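Structure first, commentary second.
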2 protein chains.
Amino acid sequence: MQKGNSAYIKNMNKKLVLKCIRDHEPISRSEISKRIHMSKPSVSLLVENLIQEGWVLETGTGESTISGGRKPVQLVFNPKSFYVIGVDIGGTKVSSGITCLNGHIYAYREFATKDYLEKDILERLYEDVNRMVEELHLTDHDIMGMGIGVPGVTNVKEGIVVDAPSMKWRNFPIRERVSQNFSFPVFVENDVNTSVLGEQWLGAGKSLENIIYIAVGTGIGSGMILNGKLFRGSSYSAGEMGYLVTDARKAKDYQPTIEGYGFLESIASGTSIGKRLSSLKSEHVTAKEAFELRRQGDKDAIEIVDSAIEHLGFGIANYISLFDPELVIIGGGVSGSFEEYEQTISKIIDEFTPKSCQVVPSTFGREAGVVGAVALFLKENESVIQI
Amino acid sequence: MQKGNSAYIKNMNKKLVLKCIRDHEPISRSEISKRIHMSKPSVSLLVENLIQEGWVLETGTGESTISGGRKPVQLVFNPKSFYVIGVDIGGTKVSSGITCLNGHIYAYREFATKDYLEKDILERLYEDVNRMVEELHLTDHDIMGMGIGVPGVTNVKEGIVVDAPSMKWRNFPIRERVSQNFSFPVFVENDVNTSVLGEQWLGAGKSLENIIYIAVGTGIGSGMILNGKLFRGSSYSAGEMGYLVTDARKAKDYQPTIEGYGFLESIASGTSIGKRLSSLKSEHVTAKEAFELRRQGDKDAIEIVDSAIEHLGFGIANYISLFDPELVIIGGGVSGSFEEYEQTISKIIDEFTPKSCQVVPSTFGREAGVVGAVALFLKENESVIQI
DNA sequence: TAGTTAGTTAGAACAACTTACTAACTATTT
DNA sequence: AAATAGTTAGTAAGTTGTTCTAACTAACTA
């Protein structure tokens, strides 16, 4: 529970006014007052504050109404009052970018993860960020903070990567390390969670309250926004969709705790599709090739890929039955083949969930990670602007 | 977003002070001031308010510290400042009760659902409530409000039962109807959800932030508390665990949308256990008898019941993988046979979830529904006391 | 009687509110 | 074209309500 005092309430109302401006710009003081049911003097004072702090700009006058009267002064949100740095650390590449408060990317960089040894990754990241900052002629004061997405379980509160196998990080205090180089606040989060935050901020899940994001690639992971907030579970490991069991009989021959990854992953992830087809064909086949072979009518490929899709479909249906979301977003490596998935999955969902639900592919391309990381920052950071 | 003013903040702080008293009673004004970092005059004022409104009582003086000083005045929460009515409407019986603010039941009544036709149920409920109120010599002013648990999908905001097959209710505006008889506020909620609220308030899930409650009986339903709040989904139908698919191959021969109830329900609910064994034995067998037969070593019963338990286990494991809860509570008709479930289910959970989780039976007996409904009221009602 | 702690009183600070004002515009009348 | 009435935007002055600090009184121990 929270203790309130005058500062708390002023901040609260300032946020409310700013949100109103962001949602309805251009807007006048007078209209804000009507919309949020706050007295005109109070609105004027708060707007004055917001203008002085740079969040809001006056952009000339608007038109009078038909019945006459003084023309209103138009107020707009200033997305360039501050900039945010988004970082996406992945198993194959580390991408970083700088965006304004509307999520527009003004600078972007990436490098291959494997080229940098464990210790060098953050060093290289530091260089990339500095170069981008210079490029945009920004000072430390212009930067609000940084969000980082990491491919593993993350203790968000402490800023520690609990376990990220692909990075070989275990209980790695990444926030502490990164913070040493910068003066602004840094937030860290699992990359699937940053993805769903990005989708809710600017993507397919815009302004929805309950969405699920499923990433199918090397493994199968998921993140969810429930009641408008990221849900992390009691130990930061909610959404482990790869562990879903969709075939109880088959599951008896499989033990995730021993194999190291989940049942559904062992059937439906990109990696396992490749593996399974490879062993059937006795030659090395990737997931991408498996999809290609399937298109060509290869019987083995059809069997493997179709069963993968089917099981994924049941996994998603189960997810929907439990969560009743407004939208399911599919991302990750295989989201490129979304059209091939779609029908089968939608059919399973329609048949096996109490209340159906739309499934769409993820909105973003290369910049997904950066946008998500920025969304994370803006969601977590206590400020007058909040998404 | 919320607009703040001085009344809002005072109410907020009043809640905080009351919570502090409830959590640490008996406690002095001075200690509250230290605990919640609020000035002594402010605490005194708020406490004065709370005393006048009846929430708090002074109970004499405590002891001075070793270093001397004036003795503190002890403050305690007054659980009898108001009473709350809890109602549990079920397919077999309708139970109602009156509790104090600590959940102690002072009056209880129930009647068989089938004895009262559709229209008469609320009439009879009205009579029961009135008799209990008289019994306890309460006036309208002593009653804070009423919570109602219903066996079906409920639109909580509007107070409408969207669909409750066992009551033959469809879009039934129950809150409106009940409110006609009473002057206090009424809240309605699905019965599984009230159960989990009850467990979080006073039962196995006390003060936990993420818990799942699973009711296995006629069907299979579930409710969940996530981040300390009841999660209802985007259309009040989250937690439809009965629809989980735990055997993709078998599922192909089954269509929940046609059959009317979910896949897991068709295997693991009490009803279906009875049904399946009945058809195998060509005689009518109930779920209870099936369990009994299994204990006696009947082969058919063992097969049917064990597969039911197993599938339920996988369903729970899936639930846990997605939610990462602190606790899973099993309730409903079969929670009596919990010991027989426990081992199998725990083993499946240990093997098939990324991070294990404790499973316990539900705490309450007959009064479960009433306590849950009261918990619902106290959770939903905007007041200075909030659970 | 000195030292300590509990609780209250007095008044300052602050934020939102109401009321009444000025500023600036439209539309209509002269 | 000028004057005027009516309307809307925004500001100023003063009130209210809440928390805070500082200083007080009350009540206790040693």
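Treat the numbers as computed from the prediction; the structure is a model and nothing was measured. Here is the naming used below: chain letters follow the sequence lines, and residue numbers restart at 1 for every chain.
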remark   = 5' to 3', nucleotides 21-29 of chain C under a 4.0 Å protein heavy-atom cut-off (B base, S sugar-phosphate only, - none) gives --BBBSS--

Which atom pairs, donor and acceptor, lie under 3.5 Å between side-chain atoms of residues 175-184 of chain B and protein residues at least two apart or in another chain?
residue  : atom : partner  : partner atom : Å
B:Arg175 : NH2  : B:Lys157 : O            : 2.6
B:Ser179 : OG   : B:Arg175 : O            : 2.8
B:Ser183 : OG   : B:Asp140 : OD2          : 3.2

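The side chain to side chain donor-acceptor pair (under 3.5 Å) pairs that include a residue from residues 46-61 of chain A are A:Lys10-A:Asn49, A:Lys14-A:Glu53, A:Arg29-A:Glu58, A:Glu53-A:Trp55, where partners are two or more places apart or lie in different chains.
Under the side-chain contact (heavy atoms from CB on, under 4.5 Å) criterion, B:Ser28 pairs with B:Ser30, B:Glu31, B:Pro72, not counting sequence neighbours. Applying the side-chain hydrogen bond (donor to acceptor under 3.5 Å, both in side chains) rule to B:Ser207 yields no partners; only residues at least two apart in sequence or on another chain are considered. Here B:Gln200 pairs with B:Lys379 under the side-chain hydrogen bond (donor to acceptor under 3.5 Å, both in side chains) rule; sequence neighbours left out. For B:Phe377, the ring pair (Phe, Tyr, Trp, His ring centres under 6.0 Å) criterion is met by B:Phe187, not counting sequence neighbours. For A:Tyr106, the ring pair (Phe, Tyr, Trp, His ring centres under 6.0 Å) criterion is met by A:Tyr83, A:His104, not counting sequence neighbours. Residues passing the side-chain hydrogen bond (donor to acceptor under 3.5 Å, both in side chains) test with A:Asn381, sequence neighbours excluded: none.
In this structure, B:Asn49 atom CG and D:dG17 atom P are separated by 13 Å, rounded to whole Å. A straight line from CD of B:Gln74 to P of C:dT5 spans 16 Å, rounded to a whole angstrom.
A side-chain N or O of A:Ser235 and one of B:Asp324 form a donor-acceptor pair less than 3.5 Å apart. There is no side-chain donor-acceptor pair under 3.5 Å between B:Ser234 and A:Glu209.
Within the 4.0 angstrom heavy-atom criterion, base atoms lie near A:Pro41. Contacts of A:Val43 with the nucleic acid, taken as non-hydrogen atoms under 4.0 Å apart, are absent.
Each of A:Ile32, A:Leu18, A:Leu50 was compared with A:Leu75 under the side-chain contact (heavy atoms from CB on, under 4.5 Å) criterion, and only A:Ile32 meets it.
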Sub-3.5 Å pairs of nitrogen or oxygen atoms, protein against nucleotides 11-16 of chain C:
residue : atom : partner : partner atom : Å
C:dA16  : OP1  : A:Asn13 : ND2          : 3.0

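Non-hydrogen atoms lying under 4.0 Å from DNA chain D are contributed by A:Ser28, A:Arg29, A:Ser30, A:Lys34, all within residues 20-37 of chain A.
Atom NZ of A:Lys3 has more than 12 heavy atoms from other residues, nucleotides or ligands within 6.0 Å.
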task = Determine which bases of DNA chain D form Watson-Crick or G-U wobble pairs with both distances under 3.5 Å, and write the result as a 5' to 3' dot-bracket string with | for other-strand partners.
result = ||||||||||||||||||||||||||||||

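B:Val133 is not listed as a side-chain neighbour of B:Asp142, based on a closest heavy-atom distance of 4.5 Å or more.
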